[in-house]
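To start, the structure itself, in structure tokens.
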Amino acid sequence: MISITLPDGSVRAFDGAVSGADIAAAIGPGLAAAALAMRADGVLMDLKAVIDSDARVEIVTGDSEDALELIRHDAAHVMAEAVKELYPETQVTIGPAIENGFYYDFARPTPFTPEDLEAIEARMREIVERDEPIERELWDRDEAVTLFEKMGERYKAEIIAGIPSGEAIALYRQGDFVDLCRGPHLPSTGKLGKAFKLTKLAGAYWRGDSNNEMLQRIYGTAWADKKQLADYLHRLEEAERRDHRRLGREMELFHFQDEASGMVFWHPKGWTLYRLLVDYVRRKLDKAGYVEVNTPQLVDRTLWEASGHWEKFGEHMFTIEADDRTLALKPMNCPCHVQIFRQGIKSYRDLPLRMAEFGSCHRDEPSGALHGLMRVRAFTQDDAHIFCTHEQITAEAAAFCELALGMYRDFGFTDVAIKFADRPPGRAGSDAVWDRAEAALEAAAEAAGIGYTLNPGDGAFYGPKLDFVLRDAIGREWQCGTFQVDFVLPERLDASYVGEDGERHRPVMLHRAILGSIERFAGILIEHYAGRFPLWLAPVQAVVATITRDGDAFAAEAAESLRAAGLRVELDTSNEKIGYKVRLHSVRKVPLLLAVGKREAADRTVSIRRLGGADQEVLALDEAVARLVAEASPPAA
RNA sequence: GCCGUCGUAGCUCAGUGGUAGAGCGCAUCCUUGGUAAGGAUGAGGUCCAGAGUUCAAUCCUCUGCGACGGCACCA
């Protein structure tokens, strides 16, 4: 007798070993038809897998996370089967489920074309129609290697050869297609359904290593039903609509051009946004006890050699030869800040010293990495380095977390995840130093009372870090802030202070940024707000638009009053109807439109229309100015 | 950097081996209007750059530059 406990707590008894399909059938024919897989004692398994002892079992059906994972994984297999049928000379490699979909990497001499993609998708639909049973088989490792070698599947054979000898290997077979796979899978290809679509072609390195050959990757998306698929495609459109490169052009914020690849030409409106961000950060840092500095753009390579950056990142620095010396455009600010710290003798009484700089940096990023404002070659960090004692790390970390989270809130980012990144493979400093740095940062994170997840091996080369990841208005994640503990650089660049005991000590350096790069943060904000900035950040806050020429003089006066009160205002007396002006300035995403016609001019009022709103509010000019000024005041003003 | 796609008017994009088009925008004129596009006329192009094939190249080939989608990278 075997007792199977179901999620509702009920228990069913079976005479002997049972499969998930048996259990589903015992519960009801509806469930048996809908069943895709099962979760037995927490482990996701094939529906056909057999259970021979008591267990808690949940039948997985089409509307769960598990089901989506299975559907996507199967979609990858069905795609590989379709490719092998259409292009038998192609070798298969790996094909996992990923967020929103799946991909499969293929090896073949000639690349796929978009027409191939259509053919493959059509064949996939046929395979779903065929409803081929998906069978799991266990093979001996060496026999499996031989099998795939015979099939000419060199990559699969290589993967299997990497699995310890003697271990059983799971193969999945559907129709004539066999693939190495851990599983689990759907019972048959028909269960995949119709809600999938191949989305793009791309190159990808074998085993993710740029020293290896390039494979052909096909991406697809797959969902439980057509509505989910349509929703997803709609989300993609929404993201495209928000693309900061497009909005940047449409809203006249910035542009790029060939002669300065990866560097921004900020236009007046974009630069207004940029300045507002810098001004905001400066006010926050002033309040938080930071001092601001500014350091040279060009610094001799010997400093970068001393800091360790030359060895690690020298290839990505822009350099200039002058007077028999090599100067590098600074890729970061920390070594320069240490130089300021080293001037004169520092006492423990000077610590913590919080040294901030809107540090303009240049990095020769690989051409393929460039992406609008998000990845550029010239940018400015809201950078700061806190020089402090070991004992002060905890309090500084806590204060930083509070400052950063508060600033993110001011931009409407309330969902912030924190990741703890520990020692990377290529690093400076001894293990003992890393032990201390990681322990200190961990204690600081605990003290700050923030929850975090572990991100192993992703620390900076000189120390562990906390990374702050923001979730934007449409659910995408952006890593912005960082807080890094560094025991290495002060040593390398010989920073010291005199302690209470009269001896010299090494300070700890805390590298920290909140927005990260101003350029990138501006890009994130453009997408987060879809160009509809809150009033305090809008490059143009209001347009005063006339309805007839009778309003021209008073409209000019109204615009001037608002401007004098500190608002960013434009005047539109153009020869167009008010409907046209409303549309024009709505498309430009100006938050406020103040209409002035015959009535307003006579009464000294303005008719206020808010972006996206349907109605208007008529206010006396003086009152409107007072109200809007109050409304437009930035946080932390 | 690697794989693929692409580069035509300010923007979005058609198009052709015989030097080119649309919509929007822009300019001028008519129109003075009440909350998401009033009408007419007009200007505007080294078809990314260089080399090659050809009687002839924006179109075909090669090289370079840049952009886009991924991969790799990201102090």
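All values below come from the heavy atoms of this structure, side chains included, with hydrogens, waters and symmetry mates left out. Within every chain, numbering begins at 1; the chains are lettered A, B, ... in the order of the sequence lines, protein sequences first and strands thereafter. Bear in mind the structure is a predicted one, so any value in this text is a computation, not a measurement.
Minimum heavy-atom separation, A/A522 to A/L273: CB-CD2, 4.2 Å.
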Handout entry: Base-pairing string, 5' to 3', of RNA chain B - Watson-Crick or wobble, under 3.5 Å, | interstrand
Key = (((((((..((((....[..)))).(((((.......))))).....(((((..]....))))))))))))....

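Nucleic acid contact for A/Y103: none, since no nucleic acid atom lies under 4.0 Å from a heavy atom of the residue. A/G208 comes within contact range of the sugar-phosphate backbone alone, with a heavy-atom separation under 4.0 Å but no base atom that close. Counting non-hydrogen atoms under 4.0 angstrom, A/P111 reaches the backbone sugars and phosphates but no base. Residue A/S261 is classed as a sugar-phosphate contact, given heavy-atom separations below 4.0 Å to backbone atoms only.
Under the side chain to side chain contact (heavy atoms under 4.5 Å, CB included) test applied with A/V540, the options A/K269, A/H585, A/E252, A/R568 reduce to a single match, A/K269.
Between A/N575 and A/S607, the residue anchored nearer the 5' end of RNA chain B, judged by the nucleotide with its closest heavy atom, is A/N575.
Stacking between A/F313 and B/A75 is shown: the ring centroid lies under 5.5 Å from the centre of the six-membered base ring, and the planes differ by under 30°.
Among B/A75, B/A37, B/A72, the nucleotide with an atom closest to any side-chain atom of A/S210 is B/A72.
Atom CG in A/D383 sits roughly 11 Å away from atom C1' in B/A75 (whole-Å rounding). The CZ-P distance, from A/R363 to B/C73, rounds to 16 Å in whole Å.
Residues A/E576 and A/S574 have side chains that never bring a donor and an acceptor to within less than 3.5 angstrom of each other. Judged by distance alone, the side chains of A/D105 and A/Q216 never bring a donor and an acceptor atom under 3.5 Å apart. For the 3.5 Å distance criterion, the side chains of A/K330 and A/T295 qualify, holding a donor opposite an acceptor. There is no side-chain donor-acceptor pair under 3.5 Å between A/T302 and A/W304.
Between the side chain of A/R246 and the base of B/C11, no donor-acceptor pair of N or O atoms lies under 3.5 Å.
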